[in-house]
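Okay, structure first, notes after.
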Amino acid sequence: MTATAKPPVPATGRAPAVPIPELSDGFRWGVATSAYQIEGAADEDGRTPSIWDTFCRVPGAVAGGDNGDVACDHYHRVTDDVDLIAGLGVDAYRFSLAWPRVQPGGRGPANPRGIAFYDRLVDTLLDRGITPWVTLYHWDLPQELEDAGGWPARDTAHRFADYAELAHAALGDRVAHWTTLNEPWCSAMLGYDQGVHAPGRRDFGAAMHAVHHLLLGHGLAAQRLRAQAAPGLELGITLNLGHGSPATDSAQDREAARRADGLGTRIYLDPLVHGRYPEDVVAELGERGITLPVREGDLAAIATPLDVLGVNYYSSHRFAGTAEDGSAVDGEGRPVVRGVPFGRPRTAMDWEIVPEGLTSLLLRLHRDYGLPTVITENGAAFDDARAADGAVHDADRTAYLADHLRAVADARAAGADVRGYFAWSLFDNFEWAYGYEKRFGIVRVDYDTQRRTVKDSGAWYRDTVRLTRGH
Ligand code: FCB
């Protein structure tokens, strides 16, 4: 912990920004978005449908029947939006490429009109002195590839590597920072096991195959990008991570925390960093009759060296190994892994606010995996509204950002190699299964008019960046 005082956050009005000395030295400040959540222009200039276009049409799949057809209309407003980013004084912008825009259908040559859009975005960013931080895959798989089996099918990994190479060939002369996947856990578990994200399948075994093929796709893409030997290439992957702990010191709760960590963190990071799947996870999958479809050479590809690990952090979790009625196995005879609330305030997503979990997580990642990290997403949804004065007084979001930046600073002070922070999100946007109902932006978007308004949290972030940089 450090002596820097946290600014008091008044109930309304703007909290004062203060410099964060631990984040002043070469630290990268940014804002983040993803293609399907903001671009709109769903069927323009040769873009083909993604699994999200399809999923949004499934009755009941997305709140309000919303979809990304228009979203923030960023596709048509890119220059103004980059000006807005520049006005926030950040030095980097994290965005994703829409695979079905760059390579319609997920096979074959690049689409020049799709590439032209990203050329424009990248060139405008560079012109304003902002570093582009590109994610290749933020969940919008071309529908044709899902029809051919999706991520549970091995071929999708090869298709992804081709797409990565073609995207890098188009933009790699100007873009140094490449993230292969955003949150493979969400793609696999929410998409193929829980069925609450596209493509909406519910099959745990398929989800585990998806895990391996996502990681393989990452590894093959990483090899291709490394082979192109672009000067200054900074290669990474982004995972959604939290700090998990046992709810009590009982053996059952510690066992539950271990299991949660296995399927939430180690199944990704062990192969990525150490080139092997965790033995306990492999054994437990085996007990369920599931074998990860690993072939010779896969793990070597997956362990292609990374320059940076992207961390998306929203909350942390405590786990119990017993159900509320005390039983240690669930209805299907499997060990119970139950989340136990901390009893903290929650965001509009119903996620508990646990900033110190970010410090613990970053220190754990540093200890167990040793990679430099960047927080590629952190932020909060709150039900904010425009006030009579036209502004958005989102003191709760400002407090969330302040507390989490403090947590990053504490991790840095304790020795973790954390190199940057991207606020999620630049804009209110299409929040997947929640549609437009949940607002994560530090900039408000009024969807009727597409008017953008920097919220109080956005102004606070801008001031914090400026003051910290000048420190
Ligand atoms: C992450 C996603 C991002 C956004 C935030 C709230 O899981 O990467 O697109 O939905 O959560």
Side-chain angles (χ1 to χ4, degrees), residues 30-40 50-53 55-56 61-64 66-68 71-72 74 93-99 133-141 151 179-194 196-198 214 218 236-242 264-265 268 309-317 346-354 357-358 361 373-384 394 396-397 400-401 404 421-443 445 455 457:
V31 287
T33 63
S34 87
Y36 191 70
Q37 294 181 276
I38 67 163
E39 284 180 0
S50 77
I51 53 175
W52 271 95
D53 297 275
F55 190 64
C56 287
V62 174
D66 291 344
N67 61 56
C72 302
H74 172 68
Y93 174 49
R94 174 179 182 250
F95 60 95
S96 77
L97 309 182
W99 185 349
W133 186 289
V134 167
T135 302
L136 281 160
Y137 184 71
H138 201 126
W139 304 354
D140 41 1
L141 185 72
W151 285 111
T179 301
T180 52
L181 306 176
N182 176 72
E183 302 188 352
W185 181 91
C186 290
S187 296
M189 299 307 290
L190 302 182
Y192 291 95
D193 175 46
Q194 299 178 26
V196 295
H197 275 190
L214 283 154
H218 155 84
I237 185 170
T238 277
L239 305 179
N240 52 305
L241 300 170
T265 299
Y268 301 97
L309 171 65
V311 175
N312 290 356
Y313 180 85
Y314 291 94
S315 191
S316 281
H317 303 280
R346 292 169 184 262
T347 68
M349 299 295 282
D350 208 28
W351 297 344
E352 286 196 284
I353 303 174
V354 191
L358 178 53
L361 169 67
T373 50
V374 165
I375 309 301
T376 39
E377 288 182 25
N378 175 243
F382 288 106
D383 296 326
D384 38 42
D394 56 339
D396 36 17
R397 184 173 293 101
Y400 183 100
L401 296 175
H404 286 78
Y421 177 95
F422 289 81
W424 183 273
S425 179
L426 169 65
F427 292 134
D428 292 337
N429 60 46
F430 176 77
E431 180 43 42
W432 309 112
Y434 294 90
Y436 296 97
E437 202 178 88
K438 303 294 182 205
R439 293 180 176 270
F440 272 91
I442 59 171
V443 174
V445 175
K455 300 181 190 179
S457 59

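Positions are given from 1 along the sequence. Numbering of ligands and ligand atoms starts at 1, following listing order. Computed from a prediction, not measured in an experiment: that's the story for all the values here.
By the 30° and 60° cut-offs, the orientation of the rings of Trp52 relative to Phe55 is perpendicular. The aromatic rings of Phe382 and Tyr400 lie perpendicular to each other, with more than 60° between the two planes, well past the 30° mark. In this structure, Trp432 and His197 have tilted ring planes: the angle between them lies in the 30° to 60° band.
Ligand 1 places these atoms under 4.0 Å from at least one heavy atom of Phe440: 6 (C). Proximity to Asn182 (heavy-atom distance under 4.0 Å) selects the following atoms of ligand 1: 8 (O).
Using a 4.0 Å heavy-atom cutoff, Asn240 is absent from the residues neighbouring ligand 1.
On a distance-only criterion, Trp424 and ligand 1 share no N/O pair closer than 3.5 Å. Between Trp432 and ligand 1, at least one pair of N/O atoms sits closer than 3.5 Å.
For the residue pair Ser96 and Tyr36, no side-chain donor N or O sits within less than 3.5 Å of a side-chain acceptor on the partner. A donor-acceptor contact under 3.5 angstrom links the side chains of Thr376 and Thr238, judged on distance only.
Ranking protein heavy atoms by distance to atom 5 (C) of ligand 1, first place goes to Tyr314 OH, 3.3 Å.
For atom 4 (C) of ligand 1, the nearest non-hydrogen atom from the set Glu431, Glu183, His138 comes from Glu431. When Gln37, His197, Met349, Glu377 are ranked by how near their heavy atoms come to atom 1 (C) of ligand 1, first place goes to Glu377.
Here the two rings, on Trp151 and Tyr192, have centers that are 6.0 Å apart or farther.
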